[in-house]
Amino acid sequence: MERTFSVLVNDRPGVLARVAGLFSRRDFNIASITVGTAEEAGLSRMTIVSSGDDAMALQIMRQLEKLVEVIEVADISKDPVVKRELALIKVEADKNSRPEISHILEPFRVAIVDVGHSSLTVQVTGGVEKIDALIGLLRPYGILEIARTGVTALLRAAAKEVEESGEEVGS
Amino acid sequence: MSGGSEVAAILPMQEPVERPVVKQDVNPRREVRTGAELLCSLLEQAGVDTIFGYPGGAVLPIYDALYSSPIRHILTRHEQGAIHAAQGFARVTGKPGIVLATSGPGATNLVTGIADAYMDSTPLVILTGQVPIESIGRDAFQEADIVGITMPVTKHNYQVRDIHDLPQVIADAFYIATTGRPGPVLIDLPKNITAGPASAAVLPQAHVRGYRLPGLPQAADVEAIIEAIRQAKKPLLYIGGGIVSSGASSYLREFAHRTKIPVVSTLMGLGAFPAHDPLFVGMLGMHGTYAANRAVTECDLLIALGVRFDDRVTGKLQRFSPHSTKIHVDIDAAEIGKNVPVHISAVADVGLMLQALLTREVHIDTAAWHEQILLWNEEWPLQYHASEGDLKPQQVVELIAQYTHEEAIITTEVGQHQMWAALFYPFSRPRQFVTSGGLGTMGFGFPAALGAQVARPDSTVICIAGDASFQMNIQELQTIVENQLPVKVAIINNRYLGMVRQWQQFFYESRYAESRIGSPDFAKVAQAYGALGLRAQTLAEAKTALETAFAYNGPVIIDFIVKEEENVFPMVPPGKGTDEMTLEWEE
Ligand SMILES: Cc1ncc(C[n+]2csc(CCOP(=O)(O)OP(=O)(O)O)c2C)c(N)n1
Ligand SMILES: [Mg+2]
């Protein structure tokens, strides 16, 4: 199944290389990876979309936790999360097709961010399925270029869990 | 090879070189002027007394600072020799081994040792020179991206880009290398940082936010383990290098004796439980003993302590210990369930877990199980066919054990001789056996013996080597001679890449492609370097050679000319289960 990990890391040179290197070396799959500054200065949040069964997901978490630059890892695959991706799509559009394309775009609540003589650039935000659907609909008109950011995600407010801590024995 | 009944003792012709002048003691808080001097001061404060290294342009400032530092520097003849020596030092002491090499080729020459230390969880702090920061990324002379290159084989690595970061980096590097699951940490030092100005600093407390160590064992885990033991009829302790790293041998012994649970060990665990203990069943895995592998297959409870279910241990996973409830205790959470699913697991220091387990009472009746293990031992005890004419490699290992009262520190190279050393030398204490387990690095054993001898000047240190492996770092003969290190090297000379030949014989119809290998006259080579060189071809010669070697207080190389096509048994062929052992080979 698809897996989403939210990873808090130090904002230092080489951190992305460490994380990406871990995935390739351990033969973990990466569907997408996004990085940006997090709530605390000096930290970044990575959202990594991967795939695998429960055992694989646990292995990915544990291996990520071993990286010294990684502060915190959460597997948010099964939690209620807000997941968003942004895509820029440049589609062929001349005088004739433009009205029809506008019609298609309407329910997607996109922004048209650039207009040329023979093309339009559309900015769309949302879940992966929404963006895939829009790309599917625009394909017949001729897609010139696509840039997608990859998924970024946060837990929904209600889903924050309380970490449980076990009892310790002295020795 | 020439015959002859006498031991060809070739005495050293060259006088050992004078040892470098003993450096005077220096106050660790002394004033410093350069980054390199600050580095030396911080290393001293971290307790470093020995560095294994090799100089070059990018580390000249560091060497200049070392010149007036009390730290002992051992100049090897190759950076690979330096890092394996540091590994040997670390493996026999438990302290971090320190390595210093220059940028570019100096640094890349360390990579095999770094990967080896990473696989075998050996604490190292590796210092590499780097081109000045302003030259980084411009393909400067002797520039190599050693931080990038070693990312996958270090526990962590650093490049110091501001001299003010150096004290914290040094503190953190030592902390990371030596705590939790130990491992190598590399610090890359651009030349402008070490040559540039600095002022004195006290080594700070380590502070690494993203680095967590497991807490004390959880009561629930302890209970679950005890309960599983109470249910067991055929329990087995499967122990590994984690017992050694944790210093848990005495707790393990006590626990095994109290519960009467028999013990099997990995290659890395040998010595953590005494070989002569009646509860010791032997090494398990590809070249494990018959009884150990049968016990693993038949047990109903497998208690895995400080191990990682390596493929050389498990064989075919589906056939590995199929009837057992599995318990896994390890300090590295990522090892739990990585290769083999387990029923009960605890992320903890094995020593602390054993101490916690020892607070509980548990009595089980394992008499029938012990009977069974004894029967397996009688069915196929560890054995070899001694023959009249030939000197057998196993015989040589047994003789070495006898002549050293089973007390020597043994290092090995990699191959058949390594397995024979593991099987036929009875190890009785942790850190007595030093071998390259995970990476299987030929060329490891001889420099590791060098480092072990530096750390343990009063111990007998023997490298059991293969004729081929020894040639991978043979240049370190000069280092042991110069430093008057009385390392003894026993070359099990079969004129083959024996382990490769064995696989070719079994799995490639005896087509010995490139596994026949020539060697120089090792005794003469030893002599040329100024060590004592001996050669033995018969049992009688072998005994005389060992007597001569141990009567001589200096480095000795003994070339044991053994039977060529001897094989290591038992063997679990690759892809087979641990119960599918080959015990002899019929053409
Ligand atoms: C650096 C390195 N290269 C290649 C190998 C593959 N290899 C494993 S054992 C072996 C043969 C070792 O020969 P020798 O040292 O003579 O030991 P023997 O098996 O004959 O006892 C080889 C080539 C290795 N382990 N390490
Ligand atoms: Mg050989």
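Naming convention: chains lettered A, B, ... in sequence-line order (proteins, then strands); numbering from 1 in each chain. Note that the structure is a prediction, hence the values are computed from the model and not measured. Side-chain atoms are counted along with the backbone in the values below, which use heavy atoms only and exclude waters and symmetry mates.
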query = Would you find more than 12 non-hydrogen atoms of other residues, nucleotides or ligands less than 6.0 Å from B:Phe255 atom CZ?
reply = yes
ask   = If we only count heavy atoms from C-beta on, is the B:Glu335 to A:Arg62 side-chain gap below 4.5 Å?
value = no
task = Name the member of B:Gly148, B:Pro341, B:Ala334 that forms the most heavy-atom pairs with chain A at distances under 4.5 Å.
result = B:Ala334
remark   = When the 4.5 angstrom heavy-atom criterion is applied to A:Leu67 and chain B, the contacting part is backbone
remark   = The interface call for B:Asp172 against chain A, heavy-atom contacts under 4.5 Å, is neither
remark   = The interface call for B:Asn157 against chain A, heavy-atom contacts under 4.5 Å, is both
query = Are any of the side-chain heavy atoms of A:Lys66 and B:Lys155 separated by less than 4.5 Å?
reply = no
key: Crowding at CG, A:Asp53 (>12 non-hydrogen neighbours, <6.0 Å)   = yes
remark   = Under 4.5 Å to a heavy atom of chain B? For A:Leu43 that would be side chain
query = Would the number of heavy atoms belonging to other residues, nucleotides or ligands and lying under 6.0 Å from CD of B:Glu134 be above 12?
reply = yes
query = Using non-hydrogen atoms only, which part of A:Gln59 is less than 4.5 Å away from chain B: side chain, backbone, both, or neither?
reply = side chain
note = Shortest non-hydrogen pair, B:Arg212 vs A:Glu65, comes out as NH2-O, 3.6 Å
ask   = Who among B:Asp332, B:Ile336, B:Val208 has the most heavy-atom pairs with chain A under 4.5 Å?
value = B:Asp332
ask   = Hey, is NZ on A:Lys90 packed in by over 12 heavy atoms from elsewhere, all under 6.0 Å?
value = no
inquiry  = Heavy-atom cut-off 4.5 Å, strictly under: side chain, backbone, both or neither for B:Ile176 against chain A?
reply    = side chain
task = Answer with side chain, backbone, both or neither: which region of B:Arg161 has an atom nearer than 4.5 Å to a non-hydrogen atom of chain A?
result = neither
key: A:Glu69 side chain reached by B:Arg209 side chain, heavy atoms, under 4.5 Å   = no
message = For B:Asp162, is the CG atom crowded, meaning more than 12 foreign heavy atoms sit under 6.0 Å from it?
response = yes
ask   = Relative to chain B, which segment of A:Ala55 carries a heavy atom at a distance below 4.5 Å: side chain, backbone, both, or neither?
value = neither
request  = Could you please spell out the steps behind the side-chain contact (heavy atoms from CB on, under 4.5 Å) verdict for A:Arg25 and B:Met151?
outcome  = CA-CA 11 Å; A:Arg25 162 167 87 89; B:Met151 255 179 209; over 6 Å; no
query = What part of A:Val70 gets closer than 4.5 Å to chain B, counting heavy atoms only: side chain, backbone, both or neither?
reply = backbone
